[in-house]
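What follows is a single structure, and I will ask about it in a moment.
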Amino acid sequence: MSTNENTAPEQPGDFIRDVISTDVAAGRTDVVTRFPPEPNGYLHIGHAKSICLNFGVAEEFGGRCHLRFDDTNPAKEEQEFIDAIQADVRWLGFDWGDHLYFASDNFERLYEWAEHLISEGNAYVDDLSADEIREYRGTLTEPGRNSPHRDRTPDENLDLFRRMRAGEFDDGGRVLRAKIDMASGNINLRDPVLYRILRAPHPRTGDAWCIYPTYDFAHGQSDAIEGVTHSLCTLEFEDHRPLYDWLVENLPTPATPRQYEFARLNLTYSMLSKRRLTALVNDGHVDGWNDPRMPTLAGLRRRGLPPEALRDFAGRIGVTKSDSVVEMALLDHCVREYLNKHALRRMAVLDPLKVVIENYPEGETDELDAVNNPEDESAGKRVVPFSRELWVEREDFMEDPPKKFFRLGPGREVRLRYAFFITCTDVIKDAAGNITELRCTYDPETRGGNAPDGRKVKATLHWVSVAHAIPAEVRLYDHLFTRTDPGAEGDMADDINPQSLTVQADCQLEPALADVAAGETIQFERLGYFCADPDATPDRLVFNRTIGLRDAWAKMQKQSGGKK
RNA sequence: UGGGGUAUGGUGUAAUUGGCAACACGCUAGAUUCUGAUUCUAGUAUUCCAGGUUCGAGUCCUGGUACCCCAGCCA
């Protein structure tokens, strides 16, 4: 992932990198970070920011980055997510080597440390119910009250805690709490719960445990056990840092990791909360976690976004502590910029209109050279078949074109890309007045796309030979939501874009598209970038539109108040 | 009338010890073009507010304001 440019620092600095630089300068040269997902859903583009930060920082400072699953709540976690998350991180382009960890690997040690806390008088078993604990906790402005069980002796607590582990109590019957300060302004310090009783099969530990540590009791300790030096997380954990530090201080941990918080990513027209993405999937608003409209890595991948573009995006948005909303247009730009340089060009007609070249001999076929990628000569050329009957894009013809419309119209001459100039001579309609076919003539002298007499045309159209065309379905995706801030007012479901998916069922592709590798993103000339979808069958290919090309004409039409 | 954070163009970020507010995206023009794409050129617009210190403040001081997070036995 490193560039051959040995000068340009591709990643600008940020406050996190500043902190690490300072630490390194002070002699703490070992830099260890970690990406710590909970396996209760799929990764999304917000996670990509964190992944790029954690792995990027580790690489830049010659350290390492761990992949650690924070799997402390078996009620919500599944093996499917564990597998998917690993696949997504790899796809994004990162490698954790041997450093794959699970918080659950530390369950035994965490349990011992809980007993340690109890022995030191720093934790106690509470019999209060969840409701009572909430009530005793106080409010944001009023201090809490001590639990009546707060002053049990260490021996009594030890006995109770061991019996919790042994399964003597019902789920939720008792908890272990840290003994800190029920009057703290920071609610996380009002005797936070460290262990709860929960009988649910754990994807890793099965039914070995019926008590599970909370996030707070597992995260920092896992960092310490792994030797993580810089524990990077999002802003909402800022209030947890005092607790993180308290636990590390009061436990015989092998190291003292430090937590730093940065702002999570927000993106216009999308929603990046795992809880709400889960709801989109479960409520059937999308086809699954990898629906191409989803901001999940699996969805973006299926839509055809290259991981390079995502990494570029992550680098450009920066890392700060201020809440912000990044425009989707920036992501779009990163995608187009990468694909413009790397994607092969092909021709495909999404909404076919037949053109008959009247002066072209029937049954004859010509083979024309076409460049695979004008931005990359090494991509070579291919041959495109031409014949008397062709498909062109329906919207590239207007019977009564306005002055700004450069494309085909009665009596107009345009270029067919890499082929010939053609002139429209007749428009054929059905009984209902719909245009069913165009009759044209071509100029044999313009073979290859240029006129020897130097005459110009105002437009170049993409096309496909009818006799050689491959049928396909093309799925056009738009923003999943109509608002830049879905769910900001009312129900998120009300903001779903009813036109987020448009299916073009009978598209016609040039033959070279027959054997595109699934997952490869290609430019359909003049239309956009498209990616073969696994839904394809032997007799029908399926393509997803990754993103359209910028379209000055469409913009003009929009601005002049819709189409005419 | 709790605690923790954050404020720089439309958006996201930058700005050595206080020294001409910069980069990118977007947008608007124009040039080039066998993709109305790409590329190129130009333009557009910014320091939350009020005081203060200073020759000079985005940066330092004082006082405000706005917004975000926290009352899971979720992470």
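Quick note: numbers below take in every heavy atom, side chains included, and nothing from hydrogens, waters or symmetry partners. Reminder, nothing fancy here: chain letters follow the sequence lines and each chain counts from 1.
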Reckon Gln559(A) has a side-chain N or O less than 4.0 Å from the OP1 or OP2 of rU28(B)? yes
Distance, P atom - from rG4(B) to rU8(B), rounded to whole angstrom: 22 Å
Heavy atoms under 4.0 Å, any strand shown: does Arg177(A) hit a base, just sugar-phosphate, or nothing?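 Here Arg177(A) touches no strand at all.
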Could you tell me whether Glu142(A) contacts a base, only the sugar-phosphate backbone, or nothing, with contacts defined as non-hydrogen atoms closer than 4.0 Å?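 If one applies the 4.0 Å heavy-atom cut-off, Glu142(A) turns out to touch nothing in the nucleic acid.
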Runs of at least three Watson-Crick or G-U pairs with RNA chain B, cut-off 3.5 Å: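 Paired runs of 3+ in RNA chain B: B:2-7 with B:65-70, B:10-13 with B:22-25, B:26-31 with B:39-44, B:48-52 with B:60-64.
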Taking the C1' atom in each of rC74(B) and rC60(B), what is the distance between them to the nearest angstrom? 43 Å
Which residue, Arg407(A) or Ser184(A), contacts RNA chain B at a nucleotide closer to its 5' end, judged by nearest heavy atom?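 Its nearest nucleotide lies further toward 5', so the answer is Ser184(A).
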Over how many whole Å does the gap from Leu461(A) atom CG to rU33(B) atom P extend?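 Computing the Leu461(A):CG to rU33(B):P distance gives 19 Å.
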Using the C1' atom on both, measure rU1(B) against rU6(B) and round to a whole Å. 23 Å
Under 6.0 Å from the ring centre and within 45 degrees of the ring axis: does the NZ or CZ of Arg152(A) meet both conditions for the six-membered ring of Tyr124(A)?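 Pair Arg152(A)/Tyr124(A) does not count as cation-pi.
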Expressed as a whole number of Å, how far does the C1' atom of rG51(B) sit from that of rA57(B)?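 Straight-line distance between the two C1' atoms is 14 Å.
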Heavy-atom donor-acceptor pair, Glu327(A) side-chain to rG10(B) base, under 3.5 Å: yes
Looking for any heavy atom pair under 4.0 Å, which part of the strands does Lys404(A) touch: base, sugar-phosphate only, or nothing? base
Answer with base, sugar-phosphate or nothing: what part of the nucleic acid does Phe420(A) contact at a heavy-atom distance below 4.0 Å?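 The residue Phe420(A) makes no contact with any strand.
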Under 6.0 Å from the six-membered ring centre of Tyr136(A) and within 45° of its axis: does the NZ or CZ of Arg145(A) meet both? yes
Tell me whether the OP1 or OP2 atom of rU35(B) has a side-chain N or O from His462(A) closer than 4.0 Å. no
Could you give the CZ-to-C1' distance, from Arg241(A) to rG5(B), as a whole number of Å?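 From Arg241(A) CZ to rG5(B) C1': 10 Å.
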Just call it for Gly318(A): base, sugar-phosphate, or nothing, with non-hydrogen atoms closer than 4.0 Å on any strand.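 Since no nucleic acid heavy atom lies under 4.0 Å of Gly318(A), the category is nothing.
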Going by the glycosidic torsion and a 90 degree boundary from 0, is the base of rG26(B) oriented syn or anti? anti
To the nearest Å, give me how far apart CZ (Arg316(A)) and P (rG26(B)) are. 9 Å
Rounding to an integer number of angstrom, what distance separates rU32(B) and rA37(B) when you compare their C1' atoms? 13 Å
Taking atom types as modelled, find out whether Ser231(A) and Arg258(A) have a side-chain donor-acceptor pair closer than 3.5 angstrom. no
Quiz question: by atom type and distance under 3.5 Å, do the side chains of Asp18(A) and Thr22(A) form a donor-acceptor pair? no
How are the rings of Phe107(A) and His202(A) set to each other: parallel, tilted or perpendicular (split at 30° and 60°)? perpendicular
Identify whether any heavy atom of Ile317(A) sits under 4.0 Å from a base atom; if not, whether one sits that close to sugar-phosphate; answer base, sugar-phosphate or nothing.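 The residue Ile317(A) makes sugar-phosphate contact but no base contact.
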Looking just at side-chain N and O atoms, do Glu308(A) and Tyr338(A) make a donor-acceptor pair shorter than 3.5 Å?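 Short answer, yes.
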Here the distance between atom P of rU35(B) and atom CG of Leu416(A), to the nearest Å, is 13 Å
Rounded to whole angstrom, note down the C1' distance from rA14(B) over to rC23(B). 7 Å
Is it true that the side chains of Asn188(A) and Arg241(A) contain a donor and an acceptor less than 3.5 Å apart? no
Any donor-acceptor pair under 3.5 Å linking the side-chain atoms of Tyr42(A) with those of Glu80(A)?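 Checked: Glu80(A)/Tyr42(A) side chains pair up, N/O donor to acceptor below 3.5 Å.
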So, Gln523(A) and Glu525(A): side-chain donor and acceptor under 3.5 Å apart, yes or no?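 No donor-acceptor contact under 3.5 Å links the two side chains.
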If you look at every strand shown and take non-hydrogen atoms under 4.0 Å, does Val457(A) touch a base, only sugar-phosphate, or nothing?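 Touches nothing.
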Using whole Å, report how far CD1 of Ile16(A) lies from P of rA14(B).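 The answer, rounded to whole Å, is 12 Å.
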Nearest nucleotide by nearest heavy atom, which residue falls closer to the 5' end of RNA chain B, Phe15(A) or Ala419(A)?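 Whichever sits nearer the 5' end wins; that is Phe15(A).
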Can you see if the side chain of Arg417(A) gets near the phosphate of rA37(B) - specifically, an N or O under 4.0 Å from OP1 or OP2? no
Can you check the distance between rU53(B) and rU59(B), where both ends of the measurement are the P atom (answer in whole Å)?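 Taking atom P in both rU53(B) and rU59(B), they lie 15 Å apart.
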Could you give the CE-to-C1' distance, from Met556(A) to rG36(B), as a whole number of Å?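 To the nearest whole Å, that distance equals 9 Å.
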Say we look at rC68(B) and rC73(B): how far apart would their C1' atoms be, to the nearest angstrom? 26 Å
I need the CZ-P distance between Arg415(A) and rU35(B), as an integer number of Å. 7 Å
Using 30° and 60° as the class boundaries, would you call the ring planes of Phe386(A) and Trp463(A) parallel, tilted or perpendicular?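 Ring orientation of Phe386(A) relative to Trp463(A): perpendicular.
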Is there a donor in the side chain of Asp223(A) and an acceptor in the side chain of Tyr244(A), or the other way round, less than 3.5 Å apart? yes
Please enumerate all protein N or O atoms sitting under 3.5 Å from an N or O of nucleotides 6-8 of chain B, with distances to 0.1 Å.
none

Between Arg550(A) and His333(A), does any side-chain donor sit less than 3.5 Å from a side-chain acceptor?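 No, no side-chain donor-acceptor contact under 3.5 Å.
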I'd like to know if the side chain of Glu226(A) pairs up with that of His66(A) as donor and acceptor (distance under 3.5 Å, no hydrogens or angles considered).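 Yes, a side-chain donor-acceptor pair sits under 3.5 Å.
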Would you please indicate if the ring centroids of Trp553(A) and Phe405(A) are separated by under 6.0 Å?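 So the answer is yes for these two rings.
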Roughly how many Å is it from CD in Glu375(A) to P in rC40(B), rounded to a whole number?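 After rounding, the reported distance stands at 10 Å.
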Which letters describe nucleotides 70-75 of chain B, given B = protein heavy atom under 4.0 Å from base, S = only from sugar-phosphate, - = neither? BBSBSB
